[in-house]
Structure formats: C-alpha cells, structure tokens
2 protein chains.
Amino acid sequence: MKKSTHTAILCEKCKSVNKSLIRFCSVSELESVNYSKTCITYKRGEALFQEGAMPLGMFCISSGSIKIVKEASGGKEQIIRIAGTGDSIGYRSLIMHQRYSTSAIATEDSKVCLIPREEFTKISANNNQFYEAIMLLLCEEIENSQNKMAEIAYKPVRGRVAEALILLAQMANPQGIINLTREDLASFVGTVKETVIRTLSEFKGEHLIEIDKRCIKVLNINGLESVSGLYD
Amino acid sequence: MKKSTHTAILCEKCKSVNKSLIRFCSVSELESVNYSKTCITYKRGEALFQEGAMPLGMFCISSGSIKIVKEASGGKEQIIRIAGTGDSIGYRSLIMHQRYSTSAIATEDSKVCLIPREEFTKISANNNQFYEAIMLLLCEEIENSQNKMAEIAYKPVRGRVAEALILLAQMANPQGIINLTREDLASFVGTVKETVIRTLSEFKGEHLIEIDKRCIKVLNINGLESVSGLYD
DNA sequence: TGAAAAAGATGACTTTTATCATATTTTTGA
DNA sequence: TCAAAAATATGATAAAAGTCATCTTTTTCA
C-alpha cells in the first residue's frame, strides 16, 4: 500500500506531543525521530497495519481517530479500543517481536507519524523513562481490556452502549461529538448494528443524546452514567 | 487475614522455578528472595488478595491453582484468567503503584510464595532480564485478554466452553483432569452455571468429555477444537 | 451533481441464553 | 459419620439480543 506522506511536522511543534510517549524523549532523541519518521495521512477506512503483518514501527497519532480491531467469530469484527490524538499504537508487537495481533484502521481522516522499528528500539534501550512509560501503558491496557471483557460478559447492551458513548464523547473533538458508524459502535460494544441503532433511538427518546446524521451528541452525561451504572 | 506459613522451600529447589519469573534471578538475588519471601498455604476458596487492597508483593504459585477475578455487573464474577504452578501474579499493581484491580482466590489448595514489594522493586531495578520478562508477560496478558474479549463478544457459549476446556485441560494436573466448580467455569467463559451444566451434558453425550463428580476429563481434544472452531 | 453504494432505521420473527423452580447428588465440617 | 450446606442437574419459561427483510436517508465518487 503506497501512501502519500504529508509535510512533516517537527515533533516538538506537534500539538499532540505532550500527550504522547515521545514527550519522554531527550532533545537529541527527538532530533533523530524527526529525521527518521514518516508522516502519513490516512483517509477514513484505510489501514495503518493489518493483523498478521510484521511490525514496521510505532505509530503516533497527531490527529484523527484509529480503531484497533480484531477478527472475531463469524467474520465479525471486535473493536478493542479507539485511539485518538496523542495516542501511540503498534508498539506491543515491536516489543514482542511478533506479528500484529490486531489491525489499525482510521475511522476518520488522520495524520499519523511512523517511527521506524530501529528508532523505537534505540530509544527504549537508552531512555529509561520512555521504557517505563511503555510499561505503564501496557499495564493500563491490560486493565482496560479486562474491564471491557467483564462488561461484555455481564452488562446488557443498553449499559454498554451508554458507557461507550460517555467514553467516546470524552475523547472526541472539542464539542464532544461522536462521529462513528453504527456498525463500528456495535463492534466496539460487542453487538450488531441493529441493536445499537435501536438503543440509540431509545436514548434519543429519553433526551440523553441528539442524533444528526451519523453524528451523536451527548446531551446528558449523568443520565447515561446512571443508565450504565444501573447494571453495575 | 492471618495465614499459617508452611515450611519454606528454597526457590532453587522449587519444582516450579524454571517456569517462573524468578528463574531470571541471579544467585545472590535468589538468596535474598529466599530470605525475604513468605510461603503460604491457601485452602480452596481463600483469597491471596482482594480487589481494592494495596499490593503486598508478587506471588509465585509453587503448586495449586488460583483464579483471578473481577467484580462484574449484577454482583457477578468474571474470571479473567486462571493461574497455575509456576505462574506469578500480582506484579502489575506493584508496577502501577495502585490497588489491586482484581482479586486472587485459590480454586484448590495451593502453595504460594509472597515476594515482598521491596524485594520485587529491587530486582526489577537491577536485573534487566527480569524486567524485560515482565514486559513480555504484560504483552502476553494484553493479547490474552483481547482475544478473550472478542470471543465473549461473538462466540456462542458452546464454542467458549469447548475452548475453555481445552485450555484448562492443558494447564491441569498431569492427567488433564479439570477440577473446577461449574459456577467458576461459567464465570470463566462468561455465562451462568446452568448454561455451562447443559453444555457439559451435551459434550458428555457426544463423548467429548467424561464427568466424574465435579471432575471433567477431556476425551477428545480434536472434537472440542472443532466445536470451538465452528464459530471462528 | 447525480447515480450508485453505503449506512441508517424499523418491523417481524427466531434463536440463544438467562431466570426460576425444584430435585438430586456431593461435599463439608461439627 | 452424618446432618447441613453447597453444588449439580434438569425442566419450564422469559427476556434479551440476533437475524432477516425492507425501506429511507446519507455519503461517495465518477
């Protein structure tokens, strides 16, 4: 897949840098990253990497939104998490020296920098703070996926959709508008699109959200929280 | 919770050591571990630690079986994983400097060594191999829980039970006999006990397993695999 | 910009799985 | 060891969510 690279932004000028892993880099490391990285623009639906491929490097999301997905039973797709501006993805396969166990696909047009494997390895070998930050990220990811696992197992769809909306609204663009396919939303909470659509209609009827075309705006976070909490 | 300590086994004599994280310790580190650790016997149902408590150290399972559980919706319990001989547990909270996000409960009488927090911290700070091994364990745990998440979301109960039986049979005692409450099995695959019981009856009828009291013996792994794979 | 494709919405129906009730067997511990 | 408690087993029923069909709206891109 040939991708056109966009004009590189220097990491230190990138508005997502203080959220990103690379904030732990020294000045000289940053310089090296700036030199070696590739900046790529992905359109909605395009893949940064595919399950089963060899890892190329670490991706830093400088803007946009990327879904991390896994093939599931019956050709269905499970969205493991959704990464946004400032998040780094793809480093786990790098650490494990293994093929990607998930795919990463842009859910909206996104700007992403790819830090090549060697660069990543060099930094993690020399920069302890960076290495420890990764360790913490891994720990958080474990916690998140365990929580999600328990939720999918025992919380009814209504509660899961409510929770997902809260989470997505928080990480969404300034105005908290969620722009995600119903199908993606379904993969994210572990159902099918029809069920999500129905649940969203309910929420709309209860004035918890507002729907404009594909976009969902949360009107009443507390309300959603209590829906979600009903099943805790 | 006062627990009687059993006679300490020297780590180097422990039959689980070559599976355990502490195989990466140097001779002098091992000496220190031997000196500082506490060896505890837990009876079935007893907790090594509880969700919400501050971490005491890292637990090494020298024999037995421990379920890692999380409170889920409706007072239900989700078993995140089941750890056996040679597995280490509880290190993640140590790394994150946070309270336990799960509880650990013995599913059979177990012998466990507790390596105190300070000891753990000391080793991870000085022994790079040890530290990296933990990193890899974290990565594996992420992968496992993501797989499990996708499975619970989209694979029907029958397939999940089949898969669980395969996994449990592999990690079980020599003869591959699974000794787990139906309720625990249910928490493990994310259902209720009645459904598990029914599924097990089916499998018994199909000569895939044999049931003797609580114990389940897998007769036909390939058969179970194809049941599980049916839904991939 | 306008036709084709994709996504959203909704109803009818089915399937899966949970719940409840109850009886039996197994395990536990005084 | 034996009575009480816990776990297993099974049927009947209910509820939740999935599937399928169809129609409308929105988006895409030639």
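Note on naming: letters A, B, ... go to the chains in the order of the sequence lines (proteins, then strands), and numbering restarts at 1 for each one. Only heavy atoms go into these numbers, but all of them, side chains included; no hydrogens, no water, no symmetry mates.
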Tyr154(B) atom OH is separated from dA17(D) atom P, nearest whole Å, by 13 Å
Can you tell me if Lys19(A) has over 12 outside heavy atoms packed within less than 6.0 Å of its NZ?
yes
Separation of dG18(D) atom C1' from Ile197(A) atom CD1, nearest Å, is 13 Å
Report yes if a side-chain nitrogen or oxygen of Thr195(B) is closer than 4.0 Å to either non-bridging phosphate oxygen (OP1 or OP2) of dA18(C); otherwise report no.
yes
Salt bridge flag under 4.0 Å for residues Arg92(A) and Glu143(B):
yes
Take Met96(A) and Glu140(B) through the test side-chain contact (heavy atoms from CB on, under 4.5 Å) and record every step on the way to the result.
CA-CA 8 Å; Met96(A) 298 182 82; Glu140(B) 280 168 25; 3.8 Å; yes
Can Glu194(B) and Arg182(B) be counted as an ion pair, charged N to O under 4.0 angstrom?
no
Check whether any side-chain N or O of Arg214(B) sits under 3.5 Å from a backbone N or O of Leu180(B) as a donor-acceptor pair, and report yes or no.
no
Under 3.5 Å, is there a donor-acceptor pair between the side chain of Ser187(A) and the main chain of Glu77(A)?
yes
Which is more 5' along DNA chain C, the nucleotide nearest Ser201(A) or the one nearest Ala153(A)? Just name the residue.
Ser201(A)
Footprint string (nucleotides 25-30 of chain C, 5' to 3'): B base within contact, S backbone only, - free, heavy atoms under 4.0 Å:
-SSS--
Run the salt-bridge test on Arg99(A) and Glu51(A) with the 4.0 Å N-O cut-off and return the result as yes or no.
no
d(CG, Asn179(A); C1', dA7(C)) in whole Å
12 Å
Any side-chain hydrogen bond (donor to acceptor under 3.5 Å, both in side chains) involving residues 217-228 of chain A? Give me the pairs, sequence neighbours left out, ordered by first then second residue.
Lys155(A)-Ser228(A), Glu163(A)-Ser228(A)
Residues passing the ring-ring contact (aromatic ring centres under 6.0 Å, His included) test with Tyr100(A), sequence neighbours excluded, are Phe49(A)
Whole Å only: how far is the CD1 atom of Ile178(A) from the P atom of dG8(C)?
13 Å
Mind calculating the distance between CG (Leu180(B)) and C1' (dA7(D)) to the nearest angstrom?
13 Å
Closest listed nucleotide, where the reference is the side chain of Thr191(B) and the choices are dT17(C), dG8(C), dT8(D)
dT17(C)
Whole-Å distance separating the CD1 atom of Ile152(A) from the C1' atom of dA17(D):
14 Å
Testing dT8(D), dA9(D), dA17(D) for proximity to the side chain of Ile211(B), the answer is dA9(D)
Thinking salt bridges, do Arg158(B) and Glu202(B) make one under a 4.0 Å N-O criterion?
yes
Is there a residue in residues 67-84 of chain A whose heavy atoms reach under 4.0 Å of DNA chain D, and which residues are they?
Lys76(A)
With a 3.5 Å cut-off and no angle check, do the side chains of Glu141(A) and Gln146(B) form a donor-acceptor pair?
yes
Closer than 3.5 angstrom, by distance alone: can the side chain of Tyr154(B) be matched with the main-chain N or O of Met149(B) as a donor-acceptor pair?
no
Which whole-number value in Å describes the distance from Glu183(A) CD to dA5(C) P?
18 Å
Quick one: does Thr199(A)'s side chain have a donor or acceptor within less than 3.5 Å of a partner on Thr195(A)'s backbone?
yes
Between Ser65(A) and Thr107(A), a side-chain donor and acceptor under 3.5 Å
yes
Rounded to whole angstroms, how far apart are NZ on Lys155(B) and C1' on dT17(C)?
17 Å
So what does Lys193(A) touch, heavy atoms closer than 4.0 Å: a base, only the sugar-phosphate, or nothing?
nothing
Helical bend (five base pairs per end, nearest 10°) for the helix from dT1(C)-dA30(D) to dA30(C)-dT1(D):
60°
Could you list all N or O pairs between the protein and nucleotides 11-16 of chain D that sit under 3.5 Å apart?
unit_1: dG11(D); atom_1: N7; unit_2: Arg198(B); atom_2: NH1; d: 3.0
unit_1: dG11(D); atom_1: O6; unit_2: Arg198(B); atom_2: NH2; d: 3.1
unit_1: dA12(D); atom_1: N6; unit_2: Arg198(B); atom_2: NH2; d: 3.4

